[in-house]
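Atoms within a ligand are numbered from 1 in the order they appear, just like the ligands themselves. The model shown is predicted, which means the values in this text are computed figures rather than measured ones. All residue numbers refer to positions in the sequence shown, counting from 1.
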Amino acid sequence: MRVCVIGTGYVGLVTGACLAHIGHSVICVDNNEEKVKLMKSGQSPIFEPGLSEIMQSAIQSGNIEFTTDISAGVSHGEILFIAVGTPPLPTGESDTRYVEAVARGIGANLDGGYKVIVNKSTVPIGSGDWVRMLVMDGIAEQKTLVTAGGAASQEKLPEYASEFDVVSNPEFLREGSAVYDTFNPDRIVLGGNSPRAIDMMKELYAPIVERNFASDKSLPQVPVLATDLSSAEMIKYAANAFLATKISFINEVANICDRVGADITQVAKGIGLDSRIGSKFLQAGIGWGGSCFPKDVSALVHTADDYGYEAQLLKAAVSVNERQRLIALEKLQQALKILKGKTVGLLGLTFKPDTDDLRDAPALNLIEQLNRLGAKVKAYDPIISQTGMRHGLSGVLVETDAERLADGCDALVLVTEWEQFSNLDYAKMAKLMSHAVMIDGRNFLDPETMVRAGFQYIGVGR
Ligand SMILES: NC(=O)c1ccc[n+]([C@@H]2O[C@H](COP(=O)([O-])OP(=O)(O)OC[C@H]3O[C@@H](n4cnc5c(N)ncnc54)[C@H](O)[C@@H]3O)[C@@H](O)[C@H]2O)c1
Ligand SMILES: O=c1ccn([C@@H]2O[C@H](COP(=O)(O)OP(=O)(O)O[C@H]3O[C@H](CO)[C@@H](O)[C@H](O)[C@H]3O)[C@@H](O)[C@H]2O)c(=O)[nH]1
């Protein structure tokens, strides 16, 4: 099928590349010229395992193209994905201006033929109808322009009565495993009221639904859930809010474990074995971050507020997380007492492993607070240490390896559980430090191994 994906970030580029990989003909549109130039040369502007490989094979097979020209994408695609960012506004609500610009842009470039316009961005409930209205506005603007353009252009007018439907197709991929998640989704949600549009979406996803590209092809088909627009939009927010609340729950229990002398890793195992609870997302630590959980939970709280409903549980999940994001600071103060003049080294900067994404990363809060308290901050991150300057980090010296990081530090904080951090020469690192304190913000390291290496080991709730 012919597909256009507008917005080539973590979601749009992965979606475009994976759809091209399974045989669709994809044009990816982004208004960032530098990104488009890079992608045209076969390079991914983001770090995501496996992405460069499938991008390059899709380019070679001629299934994918990149452009800044929205009109080229819109005329190519029978299915048009909106995958631009919806970052948070200071009030907590979602900033939908990029979606608005794209929806109008689609309308202004429709040139006849039936199109399915798909909201893949995470958008407030009710956005499906709003996007439909914006597309109509775009069409109306186009008609006005054409009418003003004189008789020759007016001949084209009938074509502009394009037929289209809007579908909500929320995305559930995780950064760091985005390609894997796209080929192995737990479900596909399709919200809309047009059977024609839903059927086209089912055809688009058929190879994924049938597990042709899954790592385990013996699994049953991927469940496809067809809903109305608002329910699909709510499913996205509810899923993220549930997962974020689950993490806040385990962090709350971890804080109680710290006080009563229980071990949260054993407790999480013990409750996770209950199939009604499940073992996933029970990893206690320094809290949830990233480009989705914080903004999506806040947006849902804001939506509830708009309807005069106070989402107390979600607000509590947010406030537990805000406190948790500074738990490492509390533990550093307990271990070192005074932080002024001390040097703290951060192992990891990104909000989770296997990504280069620093959006709302707990490391950023920690750097800010440590600076405020007069500590010097250094960091080593397997990805950011290679691309550090690009991210405009301030208040932190980014080192090129873990041993240089340890050198002269009074404490290390493991912020991100990069796999590489399980194999460092911790005994050597401990010797290079002024005080060998290890705050394990992800309960990732083995306490006994750390003690043998010469560290005072402090976990979260253990
Ligand atoms: N990042 C994730 O893991 C994830 C997962 C699920 C859902 N989502 C949702 O998907 C959406 C996209 O998230 P993301 O992380 O990929 O965002 P991103 O910021 O990484 O990418 C957005 C892209 O859109 C481009 N863009 C902005 N305005 C444009 C315009 N007018 N025309 C063309 N391109 C334009 C930007 O240049 C950028 O490349 C958001 O709503 C997000 O909440 C994200
Ligand atoms: O047990 C856990 C699991 C995660 N986290 C933290 O939670 C945050 C989010 O992690 P994760 O969900 O793995 O990454 P994201 O890429 O942000 O993915 C989430 O957000 C995406 C954007 O909406 C959704 O598509 C995904 O389904 C949803 O998992 C990170 O800071 C993690 O460190 C924990 O602290 N403990």
Side-chain angles (χ1 to χ4, degrees), residues 4-16 28-36 38-39 45-46 48 66-70 73 81-88 94-106 119-124 127 169-178 181-182 185-187 236-237 239-244 246-251 254 264 268 272 278-297 299 321 324-325 348 350-357 359-363 415-417 441-444 460:
C4 164
V5 180
I6 307 168
T8 58
Y10 291 85
V11 167
L13 181 54
V14 172
T15 301
C28 288
V29 182
D30 203 288
N31 62 358
N32 182 324
E33 283 182 16
E34 266 179 47
K35 270 193 181 182
V36 170
L38 204 64
M39 293 185 293
I46 54 168
E48 192 58 58
F66 301 95
T67 178
T68 52
D69 178 8
I70 189 169
F81 280 98
I82 304 176
V84 290
T86 46
S94 174
D95 182 350
T96 52
R97 82 180 86 160
Y98 307 104
V99 174
E100 177 171 352
V102 171
R104 282 186 196 282
I106 290 175
N119 250 339
K120 200 166 239 329
S121 297
T122 303
V123 283
S127 295
N169 171 218
E171 180 53 63
F172 302 102
L173 64 76
R174 296 159 300 171
E175 290 182 23
S177 54
D181 290 348
T182 303
D186 285 347
R187 77 300 208 185
K236 175 64 199 173
Y237 282 106
N240 274 0
F242 182 86
L243 292 169
K246 193 173 180 188
I247 303 168
S248 279
F249 172 84
I250 202 69
N251 283 334
I264 192 63
S279 59
K280 293 179 181 164
F281 276 66
L282 286 180
Q283 183 69 38
I286 56 171
W288 36 273
S291 69
C292 290
F293 283 0
K295 86 169 168 69
D296 291 348
V297 181
N321 194 52
Q324 202 69 16
R325 298 264 296 243
T350 53
F351 83 97
K352 63 180 289 191
D354 295 323
T355 180
D356 56 356
D357 201 345
R359 288 179 286 184
D360 222 332
V415 174
T416 317
E417 66 276 34
R442 297 289 177 190
N443 289 344
F444 178 68
V460 178

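In this structure, Leu13 and Lys35 have side chains that are not in contact, with every pair of non-hydrogen atoms separated by 4.5 Å or more. You'll find the side chain of Tyr237 stays beyond 4.5 Å of the side chain of Pro170, heavy atoms only.
If you number the atoms of ligand 1 from 1 as listed, the ones under 4.0 Å from a heavy atom of Ser121 come out as 10 (O), 11 (C), 41 (O). Close contacts between ligand 1 and Gly9 involve ligand atoms 16 (O), 18 (P), 20 (O), 21 (O), 23 (C), 39 (O) [criterion: under 4.0 Å to a heavy atom]. The contact set between ligand 1 and Lys295, taken as ligand atoms under 4.0 Å from a residue heavy atom, comprises 42 (C), 43 (O). Of all the atoms in ligand 1, the ones that sit under 4.0 Å from a non-hydrogen atom of Val84 are 11 (C), 12 (C), 24 (O), 26 (N), 27 (C), 28 (N), 29 (C), 34 (N), 35 (C), 40 (C), 41 (O). Those atoms of ligand 1 with a heavy atom of Lys236 less than 4.0 angstrom away are 6 (C). Of all atoms in ligand 1, numbered sequentially from 1 with element shown, those under 4.0 Å from a heavy atom of Val102 are 30 (C), 31 (N), 32 (N). The Ala83 neighbourhood of ligand 1 comprises atoms 12 (C), with distances under 4.0 Å to a heavy atom of that residue. Counting atoms of ligand 1 from 1 in the listed order, those under 4.0 Å from a heavy atom of Thr86 are 40 (C), 41 (O), 43 (O).
For ligand 1, the polar-atom distance check against Lys35 finds a nitrogen or oxygen pair separated by under 3.5 Å. Every N/O-N/O distance between Tyr98 and ligand 1 stays at or above 3.5 Å. Considering backbone and side-chain N/O atoms, Thr122 comes within less than 3.5 Å of an N/O atom of ligand 1. Annotation: Arg174 places no N or O atom under 3.5 Å from an N or O atom of ligand 1; distance criterion only. Considering backbone and side-chain N/O of Val11, one or more are found under 3.5 Å from N/O of ligand 1.
Contact annotation: for Leu173 versus ligand 1, heavy atoms closer than 4.0 Å belong to both the backbone and the side chain. Counting heavy atoms closer than 4.0 Å to ligand 1, residue Cys292 contributes side-chain atoms (C-beta onward) but none from N, CA, C or O. Only the side chain of Arg359 comes within contact range of ligand 1, with a heavy atom under 4.0 Å; no backbone atom does.
The local environment of CZ in Phe172 is crowded, with over 12 non-hydrogen atoms from other residues, nucleotides or ligands closer than 6.0 Å.
Rounding to the nearest 0.5 angstrom, the gap separating the CG atom in Asp356 from the CZ atom in Phe351 is 10.0 Å. With values rounded to the nearest 0.5 angstrom, Leu173 atom CG is found 7.5 Å from Glu48 atom CD. Rounding to the nearest 0.5 angstrom, the gap separating the CD atom in Glu171 from the CG atom in Asn119 is 13.0 Å. Expressed to the nearest 0.5 Å, how far OH of Tyr10 lies from OG1 of Thr15 amounts to 14.0 Å. To the nearest 0.5 angstrom, Gln283 atom CD is 12.0 Å from Lys246 atom NZ. With values rounded to the nearest 0.5 angstrom, Arg442 atom CZ is found 6.5 Å from Thr416 atom OG1.
Protein residues with a heavy atom under 4.0 Å from ligand 2 are Glu171, Phe172, Leu173, Arg174, Glu175, Lys236, Asn240, Ile247, Phe281, Leu282, Gln283, Gly287, Trp288, Gly289, Cys292, Phe293, Asp296, Phe351, Lys352, Arg442.
Counting all heavy atoms, side chain and backbone alike, Ala284 lies closest to Asn443 at O-ND2, 3.9 Å.
With Lys236 as the partner, the side chain to side chain contact (heavy atoms under 4.5 Å, CB included) test is satisfied by one option alone out of Asn169, Val123, Thr122: Thr122. Applying the side chain to side chain contact (heavy atoms under 4.5 Å, CB included) test between Ile264 and each of Val460, Ile250, Asn251 identifies Ile250 as the sole match.
Among Val14, Val5, Asp30, Asn32, the residue whose heavy atom sits closest to atom 37 (O) of ligand 1 is Asp30.
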field: Chi angles and distances behind the salt bridge (Lys or Arg N to Asp or Glu O under 4.0 Å) call for Arg325, Asp360
entry: CA-CA 11 Å; Arg325 298 264 296 243; Asp360 222 332; 2.9 Å; yes
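Looking at Gln324, its side chain never comes within 3.5 Å of a backbone N or O of Ile286 through a donor-acceptor pair.
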